[in-house]
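Here the structure is laid out as structure tokens; the discussion comes afterwards.
Order of the sequence lines fixes the chain letters, A, B, ..., with proteins taken first and strands second; residue numbering starts at 1 for each chain. When reading the values below, keep in mind they use all heavy atoms of this one structure, side chains included, and skip hydrogens, waters and symmetry mates.
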Amino acid sequence: MEIAVTVNGQLRRADVEPRTLLVYLLRETFGLTGTHVGCDTTHCGACTVLLDEVPVKSCTVLAVQADGSSVMTVEGLETDGRLHPLQSAFSDHHGLQCGYCTPGMLMAAWALLRETPHPQPAEIRRALSGNLCRCTGYQNIVEAVADAAQRMAQEVG
Amino acid sequence: MFPAPFGYVRAESLDEALAVLAREGPGAKILAGGQSLLPMMKLRIAEPALLVDIHRLPALTGWQETAEGLTLGAVVRHSQLERAEALQEFYPLLGRTARWIADPLVRNRGTVAGSLAHADPAGDWGAALLALGASVTLRSLTRTRELPLDAFLVDIFTTALEPDEVLTAIRIPKPAGRPFGTYLKLERKVGDFAVVGVAVNVVLDARHTVVEAGIGLAGVGPRALRAPAAEAALIGHPLESGGIREAAALAAEAADPVSDRRGSRAYKRNVVRVFVERGLKALADESRPEVGVTA
């Protein structure tokens, strides 16, 4: 099936089988390997992307379902070679060790901060409850998101 | 993991979806949010020949609130109900159930009606919507029928839905007084299926007498269960500790769990009793007029 998806602001077309999952469209057809395949069973959230600005697990969405939609992946976070405040905060707070879960964490956190610019720690934990990390624990991730929220407020301010 | 190959139709209208189902027979399956169906297809537990995608049909999105009640379209997503502050006044149980389902990412995609049609015995919506006295609208090309949810849920992963039918709407009657409802869930980890889920919903009149009561149970039978004897015991009385304890004991008797690695039959029954008591006590506290406030 022919589909057209706007990925990180750029309209892209592909011819896919109906069974192609969105995460494989992004990684294998479009070469955007920042989005990871983790558990492949809708649990871990490593494959989280924004579909029409809503965070979803891209291993559990068909590519054909994204036809006509816009997708934002971790590659879409930086602008002009500058890291997004979320990315710098994750780096500064050691919000990752192996980094496998990080793209998904970043996208889920992006969606949280868009709706809730000044989240409480409990709100951050709740928003990230569909994203599993198996090395740092979550403390530094939560601190990174809280700090990113402050940085973003200052940028706007 | 990839699903087995299948055909895909994005329906442009409900009639088109119904026509495809009528033509294709049982090999065709409706796709809405896909948060249960796609994982099953990836595990090759389900191998439909054709998916009929309805998730963008405008006729099935959103909800309508009328004097009779609330009608939810078939593609209302869990996260929509989680955030629907306007529904809290008359249907507080909906938002309080939605927040327990899976995780935020799954809730952004999965649908309430899809969850009912999937009929996982541990699914949260079955219990909550039974407690609310909901019914479902089933449509095929040739007929439309409305079934109480209690008749729609048949057995484990089995509903009254015929292969040519689509669950198009969920109807919840408007409460005849002030409604109070909450959902309690025992899960092994955040976002898991319920080991035990209990939905309690009561409607009080101006004198704080229970005029409607609904208790729904998840994970403790081959399908979501109602606890009719417990409901009956609450009606006509104020919500207070003696009646609450009696209802909790009756609800535990209505549960029919199996022993498995998540707990024994006796343990799960006891969780039902504790949760019904805890839930109803919480509702009683919520409903109590504030003490010490004078006009």
Side-chain angles (χ1 to χ4, degrees), chain A residues 1-3 16-25 28 37-69 104-105 107-112 115-116 119 122-132 138, chain B residues 1-12 28-29 31-57 75 77-80 82-83 98-111 114 187-193:
Chain A
M1 282 185 73
E2 296 279 342
I3 59 169
V16 297
E17 271 192 271
R19 63 174 173 163
T20 305
L21 301 164
L22 178 58
V23 66
Y24 291 102
L25 173 77
E28 294 179 359
V37 178
C39 70
D40 213 353
T41 55
T42 332
H43 287 93
C44 78
C47 64
T48 303
V49 300
L50 302 168
L51 179 58
D52 294 325
E53 302 205 330
V54 174
V56 299
K57 293 178 173 176
S58 62
C59 78
T60 312
V61 176
L62 298 174
V64 290
Q65 291 182 291
D67 184 24
S69 291
M105 291 285 179
M107 302 321 284
W110 186 95
L112 167 71
E115 262 192 28
T116 312
E123 291 176 296
I124 298 173
R125 286 174 188 277
R126 191 166 164 74
L128 299 180
S129 60
N131 297 81
L132 304 183
Y138 298 95
Chain B
M1 291 192 300
F2 301 93
F6 56 85
Y8 173 86
V9 175
R10 184 189 302 142
E12 301 295 334
K29 199 84 176 121
L31 173 67
Q35 299 301 288
S36 298
L37 181 57
L38 294 179
M40 286 175 75
M41 289 171 63
K42 288 164 74 175
L43 295 166
R44 310 282 172 118
I45 295 168
E47 294 192 16
L50 180 72
L51 289 187
V52 185
D53 190 350
I54 61 166
H55 91 281
R56 289 194 211 172
L57 284 185
V75 293
R77 300 181 199 274
H78 311 304
S79 58
Q80 288 177 275
E82 186 180 5
R83 289 161 200 199
R99 66 197 315 279
W100 279 102
I101 290 165
D103 60 57
L105 310 168
V106 171
R107 291 199 291 274
N108 281 338
R109 194 83 192 141
T111 64
E187 51 185 10
R188 292 183 305 176
K189 60 182 178 61
V190 169
D192 204 358
F193 280 100

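The local environment of NE2 in His43(A) is sparse, with at most 12 non-hydrogen atoms from other residues, nucleotides or ligands closer than 6.0 Å. Counted within 6.0 Å of CZ on Arg126(A), heavy atoms from surrounding residues, nucleotides or ligands total more than 12; the atom is thus considered enclosed. Atom NZ of Lys42(B) is surrounded by more than 12 heavy atoms from other residues, nucleotides or ligands within 6.0 Å.
The distance from atom CG of Leu51(A) to atom CG of Asn108(B), rounded to the nearest 0.5 Å, is 10.0 Å. In this structure, the separation between OG on Ser129(A) and CZ on Arg107(B) is 6.0 Å, given to the nearest 0.5 Å. The distance from the CD atom of Gln65(A) to the CG atom of Leu51(B) is 8.0 Å, given to the nearest 0.5 Å. Note that NZ of Lys57(A) is 13.5 Å distant from CZ of Arg109(B), once rounded to the nearest 0.5 Å. For the atom pair CG (Leu132(A)) and CG (Asp103(B)), the distance works out to 8.5 Å, reported to the nearest 0.5 Å. Atom OH of Tyr8(B) is separated from atom CG of Asp67(A) by 7.5 Å, given to the nearest 0.5 angstrom.
In terms of heavy-atom proximity, Ala108(A) sits nearest to Leu105(B) at CB-CD2, 4.4 Å.
Checked by atom type and distance alone, the side chain of Arg10(B) pairs as donor or acceptor with a backbone atom of Val64(A) at under 3.5 Å.
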Practice task
Mind running side chain to side chain contact (heavy atoms under 4.5 Å, CB included) on Met41(B) and Arg19(A) for me, showing each step along the way?
Solution key: CA-CA 10 Å; Met41(B) 289 171 63; Arg19(A) 63 174 173 163; over 6 Å; no
Exercise for the section: Please report the C-alpha distance between Asp53(B) and Leu62(A) in whole Å, then the side-chain angles of each, then the deciding distance to 0.1 Å, and finally whether the side chain to side chain contact (heavy atoms under 4.5 Å, CB included) criterion is met. Expected result: CA-CA 10 Å; Asp53(B) 190 350; Leu62(A) 298 174; over 6 Å; no
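Of the atoms belonging to Ala4(B), it is backbone heavy atoms, and not side-chain ones, that fall under 4.5 Å from chain A. Of the atoms belonging to Arg56(B), it is side-chain heavy atoms, and not backbone ones, that fall under 4.5 Å from chain A. Residue contact with chain A, scored on non-hydrogen atoms closer than 4.5 Å, involves the side chain of Arg83(B) exclusively.
Heavy-atom pairs under 4.5 Å with chain B were tallied for Thr48(A), Leu128(A), Val37(A), Thr20(A); the largest tally goes to Thr48(A). When Gly191(B), Gly7(B), Pro39(B), Gly33(B) are compared by the number of non-hydrogen pairs under 4.5 Å with chain A, Pro39(B) comes out ahead.
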